[in-house]
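The basis for the numbers below is simple: all heavy atoms, side chains too, and nothing from hydrogens, waters or symmetry mates. Remember, predicted model here, so these are calculated numbers, not experimental data.
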Amino acid sequence: MRSPFFRMPSWLETGLSEMRLEKDKFSVNLDVKHFSPEELKVKVLGDMIEIHGKHEERQDEHGFIAREFSRKYRIPADVDPLTITSSLSLDGVLTVSAPRKQSDVPERSIPITREEKPAIAGSQRK
C-alpha cells in the first residue's frame with residue numbers, strides 16, 4: 001500500500017486536468033503522457049485557452065490505439081493572454097500558466113455595525 005504522503009495528485013491518476021487560480025498565478029495542469037510535444041497544440045482564442053492533442057494509430061501492449069482530445073479553459077479577467085506560457089515535463093504533464101495582474105486596491109478591514117432592528121420583519125432575537 002502506498003503512503004498517502006507520496007501520492008500523485010488525483011487529477012494525474014485519472015488522466016484528467018487541474019485548473020488552479022492562486023493569488024498571483026493562473027495555471028492548468030494536464031496529463032498528456034500519451035502524446036509527444038509535436039502532437040500537442042496550445043492556443044489562445046479570445047478569452048479561451050484551447051489545448052488539442054492527437055496521435056495517429058499506433059501499437060501498444062493491447063493492440064492498436066489512436067487518441068485525440070480537445071480541452072478549453074476560460075482565461076480569468078485578471079490574466080493578460082499575452083503572458084501565457086506552456087511547458088511539458090519529462091513525465092508528461094503539460095502546464096499552461098500566466099501571472100495574475102496585481103490589484104492596485106489595498107486590502108482594508110470593513111467594520112461591522114450593529115443594528116437595533118431585525119433584518120426580517122417579525123423575527124425576534126432570543
query: Which pair of non-hydrogen atoms, one from Glu39 and one from His55, has the smallest distance, and what is that distance?
result: OE2-CB, 3.0 Å
Residues which pass salt bridge (charged side-chain N to carboxylate O under 4.0 Å, His left out) with Arg67, listed by chain and number, not counting sequence neighbours: none
statement: Minimal heavy-atom distance between Ser109 and Pro111, with the atoms involved, is O-CD, 3.7 Å
query: Any side-chain heavy atom of Pro99 sitting closer than 4.5 Å to one from Asp24?
result: no
- prompt: From Ile84 CD1 over to Ile49 CD1, what is the distance, rounded to the nearest 0.5 angstrom?
  reply: 4.0 Å
Acceptor/donor pairs from residues 74-81 side chains to any protein atom, 3.5 angstrom cut, sequence neighbours excluded:
{"from": "Arg74", "atom 1": "NH1", "to": "Asp47", "atom 2": "OD1", "distance (Å)": "3.4"}
{"from": "Arg74", "atom 1": "NH1", "to": "Asp47", "atom 2": "OD2", "distance (Å)": "2.7"}
{"from": "Asp78", "atom 1": "OD1", "to": "Arg100", "atom 2": "NE", "distance (Å)": "3.3"}
{"from": "Asp78", "atom 1": "OD2", "to": "Arg100", "atom 2": "NE", "distance (Å)": "2.8"}
{"from": "Asp78", "atom 1": "OD2", "to": "Arg100", "atom 2": "NH2", "distance (Å)": "2.7"}
{"from": "Asp80", "atom 1": "OD1", "to": "Leu82", "atom 2": "N", "distance (Å)": "2.9"}

task: Could you tell me whether Lys101 atom NZ has more than 12 heavy atoms of other residues or ligands within 6.0 Å of it?
output: yes
- prompt: Minimum heavy-atom separation for Gly53 to Leu40, with atom names?
  reply: CA-CD2, 3.9 Å
- request: Please report the C-alpha distance between Leu88 and Phe35 in whole Å, then the side-chain angles of each, then the deciding distance to 0.1 Å, and finally whether the side-chain contact (heavy atoms from CB on, under 4.5 Å) criterion is met.
  value: CA-CA 10 Å; Leu88 184 61; Phe35 298 88; over 6 Å; no
field: Counterpart residues, side-chain contact (heavy atoms from CB on, under 4.5 Å), relative to Lys54 (two or more places apart)
entry: His52, Glu56, Glu68
message: Rounded to the nearest 0.5 Å, what separates atom OG in Ser89 from atom CG in Leu94?
response: 8.5 Å
message: Tell me if the CD1 atom of Ile110 is crowded by more than 12 foreign heavy atoms within 6.0 Å.
response: yes
Pairwise side-chain contact, Phe69 with Leu30, heavy-atom cut-off 4.5 Å (strictly under): yes
message: Is there a path of hydrophobic side-chain contacts, each under 4.5 Å between heavy atoms, that joins Val96 and Leu21?
response: yes
- request: Find out if a path of hydrophobic residues (ILVMFWY) with successive side-chain heavy-atom gaps under 4.5 Å connects Met48 to Met19.
  value: no
field: Rounded distance [0.5 Å steps], CD1 in Ile65 versus NE2 in His34
entry: 7.5 Å
